[in-house]
Number of protein chains: 4
Amino acid sequence: MTDSIGVREAGAKRTRKALLAAAAAEFVVQGVQAPIRDIAGRADVGVGTVYRHFPTRAELVTAVYRHQVDECAALAATLLQEPIAPSEALTRWIDAFIEFLVTKHGLGVALLSEDPSLLSLHTLMLDTLVPACASLIEAAAAAGELDPRVTAYTLMRAVGNLCIIGPEYDLASGKEMVGRLLAGCRRTT
Amino acid sequence: MTDSIGVREAGAKRTRKALLAAAAAEFVVQGVQAPIRDIAGRADVGVGTVYRHFPTRAELVTAVYRHQVDECAALAATLLQEPIAPSEALTRWIDAFIEFLVTKHGLGVALLSEDPSLLSLHTLMLDTLVPACASLIEAAAAAGELDPRVTAYTLMRAVGNLCIIGPEYDLASGKEMVGRLLAGCRRTT
Amino acid sequence: MTDSIGVREAGAKRTRKALLAAAAAEFVVQGVQAPIRDIAGRADVGVGTVYRHFPTRAELVTAVYRHQVDECAALAATLLQEPIAPSEALTRWIDAFIEFLVTKHGLGVALLSEDPSLLSLHTLMLDTLVPACASLIEAAAAAGELDPRVTAYTLMRAVGNLCIIGPEYDLASGKEMVGRLLAGCRRTT
Amino acid sequence: MTDSIGVREAGAKRTRKALLAAAAAEFVVQGVQAPIRDIAGRADVGVGTVYRHFPTRAELVTAVYRHQVDECAALAATLLQEPIAPSEALTRWIDAFIEFLVTKHGLGVALLSEDPSLLSLHTLMLDTLVPACASLIEAAAAAGELDPRVTAYTLMRAVGNLCIIGPEYDLASGKEMVGRLLAGCRRTT
DNA sequence: TATGAATGAGGGTTCATTCAT
DNA sequence: GATGAATGAACCCTCATTCAT
């Protein structure tokens with residue numbers, strides 16, 4: 001009994017994993033608005049299965065990105081422990097944040113969509129990442145290395161926007177612009 | 001006969017004007033993906049008329065913004081004539097560029113859409129605005145006021161991205177970030 | 001110009017007629033909840049056409065029955081003019097009302113559905129038929145031929161309910177029961 | 001072995017009871033077309049269990065109402081024993097019948113659905129209740145208190161229909177109409 | 001030219017039903 | 001017996017696009 005339940009639950013978990021992978025892949029190709037049918041098809045399951053695991057698109061999107069969001073947030077604490085200048089810590093964290101953004105093609109666009117179904121994604125990032133970023137900013141500002149008027153949300157949003165790439169504006173361009181933006185945030189002595 | 005054709009042409013021109021106005025208005029409300037029918041309705045014409053004048057959505061979008069794009073481009077030459085520092089000229093031009101962007105709700109998003117139907121909008125901006133911006137950059141770089149490695153397209157794209165506003169990231173935030181970005185583009189002596 | 005518009009409008013009117021006929025027929029077979037596709041199919045048009053003419057199911061249902069509802073309502077005034085006893089007029093009107101109900105298989109059921117999309121059908125009948133029935137009731141009551149406590153809506157609803165037929169309870173049974181109900185509404189001297 | 005089977009059977013019986021209770025409750029809220037999953041959920045069992053006990057919806061519906069149907073049928077014999085007029089016995093039985101109908105929200109509608117899955121419910125009522133009602137009618141007719149042409153099924157169906165309530169037609173209205181219907185069934189001397 | 005009716009592909013969502021464990 | 005994950009048919013609705021008048 002326990003076994004058979006375990007087996008089924010394991011199967012469900014595998015399905016869930018497959019769905020997350022399929023959704024992530026489809027998001028890369030089509031963006032977070034990818035048709036549910038396509039996601040189901042890529043995972044080789046019926047549409048009903050998608051709805052069973054993720055009743056709303058928001059829950060699916062959120063689930064897809066939650067793991068990486070958490071990892072990114074955790075990095076902030078780690079960096080603060082390291083024997084490096086606070087502004088250097090911020091720079092490195094922003095690098096990781098960018099990595100997260102760009103590996104998720106279309107996430108940038110999704111973040112600025114006003115579609116209510118994606119609000120929770122916004123909330124997820126706000127609740128998790130903003131405090132992480134804020135801690136780094138505070139440290140850098142306290143060290144006199146950053147203009148203390150810079151706020152975490154605004155900076156993250158700006159970085160996120162700058163990393164929305166396209167034809168003739170690739171990741172390298174985005175990173176260059178982010179670098180210049182950060183330079184402009186440094187304390188003007 | 002000639003007369004009646006002339007009359008008809010005049011009518012067609014008026015229809016075209018009305019369509020552009022209607023589309024511009026609808027783009028403000030719904031973004032550039034506004035349903036064709038809504039645009040036709042606002043202009044009080046049939047959908048067929050929209051298609052006759054602008055066979056593709058791209059042509060309509062392009063036409064809507066062309067006039068303002070041209071104006072913005074012309075401003076660069078004017079600014080270069082004025083007795084101000086080249087970097088100041090660039091700053092002012094960027095201000096005007098932002099003004100253009102933000103008065104067109106949704107244009108920012110449109111610019112980064114990969115929808116092929118909007119590619120021509122991209123091209124329009126490239127062909128017209130990039131040279132304008134480049135002339136200002138060149139002047140500022142020549143005056144030693146700007147890092148000469150900054151390219152027009154990348155800068156414009158970055159500015160455009162930074163001005164994609166949303167909840168908790170308003171125009172003021174966008175402008176602030178643009179200011180810091182420009183600061184980061186200044187020549188580092 | 002006028003002609004061609006006239007032609008198109010005529011075509012649209014014909015389509016509308018065909019849709020009403022198709023819907024009426026489909027309602028007979030499947031009830032008012034018949035899939036829109038089936039109605040479109042029976043009328044040999046695309047689903048979009050159904051939605052163009054009747055944006056909501058309620059509008060379609062209402063339109064299907066409006067003509068007959070109006071006719072039925074008009075009958076009341078006619079009957080009141082005739083040289084017959086008021087209670088006889090009421091009886092005849094109820095007969096006509098029943099005729100209307102039973103020729104529309106499924107209407108009875110629809111009337112008691114709580115589906116909000118059918119509310120307007122309810123309203124239509126209330127607004128149009130209730131006053132008609134009330135005028136007859138009033139006359140009969142004034143003539144001392146009917147219990148004045150009987151109200152139009154309640155009576156109509158009761159008649160409507162009694163005419164919901166099924167296996168082993170045919171129209172004849174329904175009419176018999178209506179007859180007995182009316183007998184029970186007569187003034188008890 | 002015998003024991004464990006007995007235990008399992010007892011468990012199955014309990015499950016069945018829980019299912020009937022859950023279904024009855026759900027029918028009150030959503031009508032007899034309530035989703036199977038909702039019923040399973042309320043009974044805290046899996047959907048498969050519902051299907052094991054009641055392979056078709058009809059069987060479930062029938063089982064839910066059988067007990068009360070039986071009770072109602074038994075009442076007829078009781079009433080006939082009492083020292084009251086036969087027509088009074090009929091009236092009281094009809095009252096009980098109404099009570100049964102109205103406490104089951106949606107049963108009225110279900111009875112007139114032509115959904116084949118509900119046919120058996122129909123049969124149940126026919127086989128059990130009709131003879132009960134018929135015995136009362138016969139007695140009343142024999143006593144000269146009722147038109148002998150009234151048949152049990154037709155009367156029950158009519159009463160059932162009159163008790164399908166809705167907005168602006170409440171239970172009181174239904175009962176009033178039933179009263180008038182019964183009045184119209186009295187022997188006309 | 002202008003019109004707008006008609007089309008139908010496309011994407012969302014629900015739920016009855018099956019079946020492996 | 002019980003479970004509940006998976007399936008997919010069936011509906012709903014929107015809108016870009018065509019074309020006869």
Side-chain angles (χ1 to χ4, degrees), chain A residues 1-16 33-40 43-53 55-57 117, chain B residues 4-5 7-9 11-12 15-16 33-38 40-41 44-53 55-57 117, chain C residues 1-16 19 33-38 40 43-53 55-57 117, chain D residues 5 7-9 11-13 15-16 33-38 40-41 44-53 55-57 117:
Chain A
M1 207 66 155
T2 309
D3 263 327
S4 75
I5 285 181
V7 168
R8 194 172 45 210
E9 276 174 359
K13 198 146 250 170
R14 238 177 301 119
T15 301
R16 191 190 153 87
Q33 299 290 5
I36 296 291
R37 266 184 186 69
D38 290 2
I39 295 166
D44 260 316
V45 300
V47 280
T49 302
V50 181
Y51 281 98
R52 158 176 287 274
H53 287 276
T56 68
R57 180 183 295 274
S117 84
Chain B
S4 79
I5 286 181
V7 167
R8 186 184 299 183
E9 277 174 358
T15 300
R16 192 188 156 86
Q33 300 290 1
I36 296 291
R37 197 184 307 280
D38 290 3
D44 262 316
V45 302
V47 280
T49 304
V50 180
Y51 279 95
R52 166 172 295 274
H53 285 276
T56 69
R57 178 182 296 272
S117 82
Chain C
M1 206 64 158
T2 308
D3 264 28
S4 76
I5 286 181
V7 168
R8 193 172 45 211
E9 275 174 358
K13 198 147 251 169
R14 236 177 302 119
T15 300
R16 192 190 154 88
L19 273 175
Q33 299 290 5
I36 297 291
R37 253 200 241 311
D38 290 2
D44 261 314
V45 301
V47 281
T49 303
V50 181
Y51 282 98
R52 157 177 287 273
H53 287 276
T56 67
R57 180 183 295 274
S117 83
Chain D
I5 286 182
V7 167
R8 184 183 301 182
E9 275 173 357
K13 197 145 251 167
T15 300
R16 191 188 156 87
Q33 300 290 1
I36 296 291
R37 196 184 308 279
D38 289 3
D44 262 315
V45 301
V47 280
T49 305
V50 180
Y51 279 95
R52 166 173 293 275
H53 285 275
T56 69
R57 179 182 294 273
S117 82

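What you see is a predicted model; the values in this text were computed from it and never measured. Lettering of chains follows the sequences in order, A, B, ..., and the numbering in each one begins at 1.
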_Flag, side chain of C:Arg16 to backbone of C:Gly11, donor-acceptor distance under 3.5 Å_ = no
*Counting just side-chain N and O atoms, does D:Thr15 come under 4.0 Å of either OP1 or OP2 of F:dA2?*
yes
*Check the distance between E:dT1's C1' and B:Arg52's CZ and give it to me in whole angstrom.*
5 Å
*Between A:Gly11 and D:Val45, which is nearer to the 5' end of DNA chain F once each is assigned its nearest nucleotide?*
D:Val45
_Side-chain donor or acceptor of C:Arg37 paired with backbone N/O of C:Gly46 under 3.5 Å_ = no
*How many Å lie between NZ on A:Lys13 and P on F:dA6, as a whole number?*
13 Å
*asked:* Could you check whether any side-chain N or O of A:Arg57 sits under 3.5 Å from a backbone N or O of A:Pro35, counting only pairs where one atom can act as donor and the other as acceptor?
replied: no
_Nearest-Å distance for atom pair CZ/P, residues D:Arg16 and F:dG1_ = 12 Å
_Residue closer to the 5' end of DNA chain F, D:Val50 versus A:Ala12 (nearest nucleotide)_ = D:Val50
*Examine the base of F:dT3 for any acceptor or donor lying under 3.5 Å from a partner atom in the side chain of A:Arg8, and report the outcome as yes or no.*
yes
*Tell me: NE2 of A:His53 to P of F:dG4, nearest whole Å?*
14 Å
*If only side-chain N and O atoms of B:Thr49 are considered, is one of them under 4.0 Å from the OP1 or OP2 phosphate oxygen of E:dG4?*
no
*Let me have a per-nucleotide readout for nucleotides 10-15 of chain E, 5' to 3', with B, S or -, counting only protein heavy atoms under 4.0 Å.*
-SBBBB
*What pairs with D:Asp38 under side-chain hydrogen bond (donor to acceptor under 3.5 Å, both in side chains), at least two apart in sequence or on another chain?*
D:Gln30
*Quick one: closest heavy-atom pair of D:Thr15 and D:His53, and the distance?*
CG2-NE2, 3.7 Å
*Which atom pair, heavy atoms only, marks the closest approach of D:Ala40 to D:Val50?*
CB-CG2, 3.7 Å
*Side-chain touch C:Tyr51/C:Ile36, heavy atoms, less than 4.5 angstrom*: yes
*Can you give the dot-bracket line for DNA chain E, where a pair is Watson-Crick or G-U wobble with both atom distances under 3.5 Å, crossing pairs use [ ], and | marks a partner on another strand?*
.||||||||||||||||||||
